[in-house]
Amino acid sequence: MSTQVSEEVREALHEGRPVVALESTIIAHGLPRPRNLAVALELEELVRAGGGVPATIAVVDGTARVGLDRPALTRVAEDPAVRKLGHRDLAPALATGVTGATTVSATAWLADAAGIRVFATGGLGGVHREWTDTQDESADLRLLARVGITVVCAGVKSILDVPATLQRLETLGVTVVGYGTDHFPGFYLASSGEPVDWTLRTPEEVAGVIRAQDRLGGPRAALVVANPVPQAEQLDPALHDRVLAGGLAAAKEKGITGQAVTPFLLEYLTVHTEGASLEANLAAVRGNVRLAARIAGAYGAGTAPTAGPASGSGPTRDSGPTSGSGPTSGSGAAHGAGGR
């Protein structure tokens, strides 16, 4: 694979300093210009303020770039020809020399290949409504079952089927924990109303789970850290429900199906909430980036508590004793034991 890791990211990884991967689709396709570039720079600065090194990921002229310099970041933000790339699109993009912004699946794939352990994004893709008719499911889910990366997100987009998405993640063996919450976030909303099986409350606890995954070895799968948008910055729930219902009805009336549904509904929400959904989205992303930097720092520092027996052949940064009987010691909460 034609991949270029920036010198800053490469040195940080070599020295064991915290690195946080950032996707580029939000820059190219998720925000209006010129605000998108300002947000991209802001998110990188939030990582630095948290003691980490940002690694924004994209494909530029057929080269996968892990860590973008200012010209590349500006190009991704300003060039309307930049394509949207999932992990299935990486090989054609590299072979044909195109420039594209990476989705969650492509970003997670490239970050994992580079040795980055923590990735911050807004919301995951998931199982779409009326799945039994459309069989429409985001590629994010299967990809997360194949990479050993921690994804800090605000849940999945509320326009999706949240219960079905959680069930799918469980089936795929992807661990989901709530950060400071016992309910799965609803992207624009602090809660989707769906419970999570595990709650962690500090970056050190999350780092302990990552380290326990290292020791266990076995099948690789992501750790999803579901971090709710602060209630004060969430979209008003009544407004959200009313506008989403209107958007779903409008999509059905217009005959919009398949991949066209998500962008239609996101645009509908932005317009009919007068931009409030966009602001809630950005508040969630900022919170996720801040938390990801803290988790990456705790993992790299080797100060987090670990759990379970030191077994398996996976890589480890900490050879000290383990403690606790769950995914983390001292987490204070284990919810909904058993399958969902």
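Values below: every heavy atom of this structure, side chains too, minus hydrogens, waters and symmetry copies. Here, residue 1 is the first one in the sequence, and each next residue gets the next number.
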Checklist line | Shortest non-hydrogen separation from Gly122 to Phe187 and the atoms involved | finding: C-CE1, 3.7 Å
Next item on the list: State the CG-CD distance between Leu85 and Glu23, to the nearest 0.5 angstrom.
Entry: 12.0 Å
Margin query: Is there a side-chain contact (heavy atoms from CB on, under 4.5 Å) between Thr202 and Val206? Walk through the geometry before answering.
Written below: CA-CA 7 Å; Thr202 67; Val206 178; over 6 Å; no
Notebook entry, point to check: Side chains of Val118 and Ile149: does their closest heavy-atom pair fall under 4.5 Å?
Noted result: no
Distance-only donor-acceptor pairs under 3.5 Å for side chains of residues 39-59, two or more places apart:
from	atom 1	to	atom 2	distance (Å)
Glu42	OE1	Arg286	NE	3.4
Glu42	OE2	Arg286	NE	2.7
Glu44	OE2	Thr56	OG1	2.7
Arg48	NH1	Glu8	OE2	2.6
Arg48	NH2	Glu8	OE1	3.3

Checklist line | Joint hydrophobic cluster, Ile295 plus Leu22, side-chain heavy atoms closer than 4.5 Å | finding: no
Next item on the list: Mind telling me whether Phe264 and Tyr268 have parallel, tilted or perpendicular rings, with 30° and 60° as the class edges?
Entry: tilted
Note to self: When you compare the side chain of Pro185 with that of Asn227, does any pair of heavy atoms fall below 4.5 Å?
What the structure shows: no
Item checked: Side chain to side chain, Lys252 and Leu248, heavy atoms closer than 4.5 Å -> no
Notebook entry, point to check: Is the closest side-chain heavy-atom distance between Leu223 and Val177 below 4.5 Å?
Noted result: yes
Item checked: Passing option when Gln4 is tested against Thr63, Val66, Leu68 for side-chain contact (heavy atoms from CB on, under 4.5 Å) -> Thr63
Next item on the list: Give a yes or no on whether a salt bridge exists between Arg146 and Asp112, defined as a side-chain N under 4.0 angstrom from a carboxylate O.
Entry: no
Notebook entry, point to check: So if you build clusters from Ile, Leu, Val, Met, Phe, Trp, Tyr with side-chain heavy-atom gaps below 4.5 Å, do Leu172 and Leu166 land together?
Noted result: yes
Item checked: Pair Ile26-Thr121, side-chain contact (heavy atoms from CB on, under 4.5 Å): steps then yes or no -> CA-CA 9 Å; Ile26 188 174; Thr121 186; over 6 Å; no
Notebook entry, point to check: With the threshold set at 4.0 Å, does a side-chain nitrogen-carboxylate oxygen contact exist between Arg117 and Asp214?
Noted result: yes
Margin query: Can you give me the closest heavy-atom contact between Ala226 and Pro228, atom names plus distance?
Written below: O-CD, 3.6 Å
Item checked: Side chain proximity check, Val152 to Phe119, heavy atoms < 4.5 angstrom -> no
Item checked: Nearest-0.5 Å distance, CG of residue Leu244 to OG of residue Ser277 -> 10.5 Å
Next item on the list: Kindly say whether Phe184 contributes a backbone atom to a donor-acceptor pair with the side chain of Ser192 at under 3.5 angstrom?
Entry: yes
Note to self: Walk me through whether Thr25 and Val104 qualify under side-chain contact (heavy atoms from CB on, under 4.5 Å).
What the structure shows: CA-CA 8 Å; Thr25 292; Val104 167; over 6 Å; no
Next item on the list: Working to the nearest 0.5 Å, report the span between CD of Glu205 and CD1 of Ile210.
Entry: 12.5 Å
Notebook entry, point to check: Is the side chain of Asp241 donor-acceptor paired with the backbone N or O of Ala238 at a distance under 3.5 Å, no angle test?
Noted result: no
Check: Considering all heavy atoms of both residues, which atom of Arg35 and which atom of Glu279 are nearest to each other, and what is their separation?
Finding: NH1-OE2, 2.7 Å
Checklist line | Residues, nucleotides or ligands: over 12 heavy atoms within 6.0 Å of Arg83 CZ | finding: no
Next item on the list: Indicate the atoms forming the closest heavy-atom contact of Ser105 with Asp140, along with that distance.
Entry: N-OD1, 3.3 Å
Item checked: Any donor-acceptor pair under 3.5 Å from Arg211 side chain to Tyr299 backbone -> yes
Item checked: Straight-line distance of Ser158 OG to Leu189 CG, nearest 0.5 Å -> 5.5 Å
Checklist line | Path from Val162 to Val243 over hydrophobic side-chain contacts below 4.5 Å | finding: yes
Check: What closest approach, in Å, do Ala72 and Val60 show between heavy atoms, and which atom pair accounts for it?
Finding: CB-CG2, 4.4 Å
Notebook entry, point to check: Can any side-chain N or O of Thr273 pair as donor or acceptor with the backbone N or O of Leu269 at less than 3.5 Å?
Noted result: yes
Check: In the single-linkage hydrophobic clustering (I, L, V, M, F, W, Y; side-chain heavy atoms under 4.5 Å), do Val209 and Trp198 co-cluster?
Finding: yes
Notebook entry, point to check: Can you find a pair of side-chain heavy atoms, one from Arg10 and one from His14, that are under 4.5 Å apart?
Noted result: no
Check: Between Ser24 (side chain) and Ala101 (backbone), is there a donor-acceptor pair under 3.5 Å?
Finding: no
Item checked: Contacts of His183 that satisfy side-chain hydrogen bond (donor to acceptor under 3.5 Å, both in side chains) - sequence neighbours left out -> none
Check: At what distance, to the nearest 0.5 angstrom, does CG of Leu141 lie from CG of Leu124?
Finding: 7.5 Å
Note to self: For Glu15, is the CD atom crowded, meaning more than 12 foreign heavy atoms sit under 6.0 Å from it?
What the structure shows: yes
Notebook entry, point to check: Looking at residues at least two apart in the chain, or sitting in another chain, which of them share a side-chain hydrogen bond (donor to acceptor under 3.5 Å, both in side chains) with Asn281?
Noted result: none
Next item on the list: Measure the CG-CD distance between Asp197 and Glu170 for me, rounded to the nearest 0.5 Å.
Entry: 6.5 Å
Notebook entry, point to check: Using 30° and 60° as the class limits, which term best fits the ring planes of His240 and Tyr188: parallel, tilted or perpendicular?
Noted result: tilted
Next item on the list: Indicate, with yes or no, if Leu143 and Leu160 share a hydrophobic cluster defined by side-chain heavy-atom contacts under 4.5 Å among Ile, Leu, Val, Met, Phe, Trp and Tyr.
Entry: yes
Next item on the list: In plain terms, say whether Arg168 and Asp161 are close enough for a salt bridge, that is, a side-chain N and a carboxylate O under 4.0 Å apart.
Entry: no
Margin query: The test is side-chain contact (heavy atoms from CB on, under 4.5 Å); show your working for His272 and Arg242 and say whether it passes.
Written below: CA-CA 10 Å; His272 289 82; Arg242 183 173 69 253; over 6 Å; no
Notebook entry, point to check: Do Leu37 and Leu73 come within less than 4.5 Å of each other through their side chains, counting heavy atoms only?
Noted result: yes
Next item on the list: Give the minimum heavy-atom separation between Val174 and Ala222, together with the two atoms involved.
Entry: CG1-O, 3.5 Å
Next item on the list: With the side chain counted from C-beta on, respond yes when Pro32 and Leu278 share a heavy-atom pair under 4.5 Å apart, and no when they do not.
Entry: yes
Check: Is a side-chain N or O of Thr165 found less than 3.5 angstrom from the main chain of Val127, in a donor-acceptor match?
Finding: yes
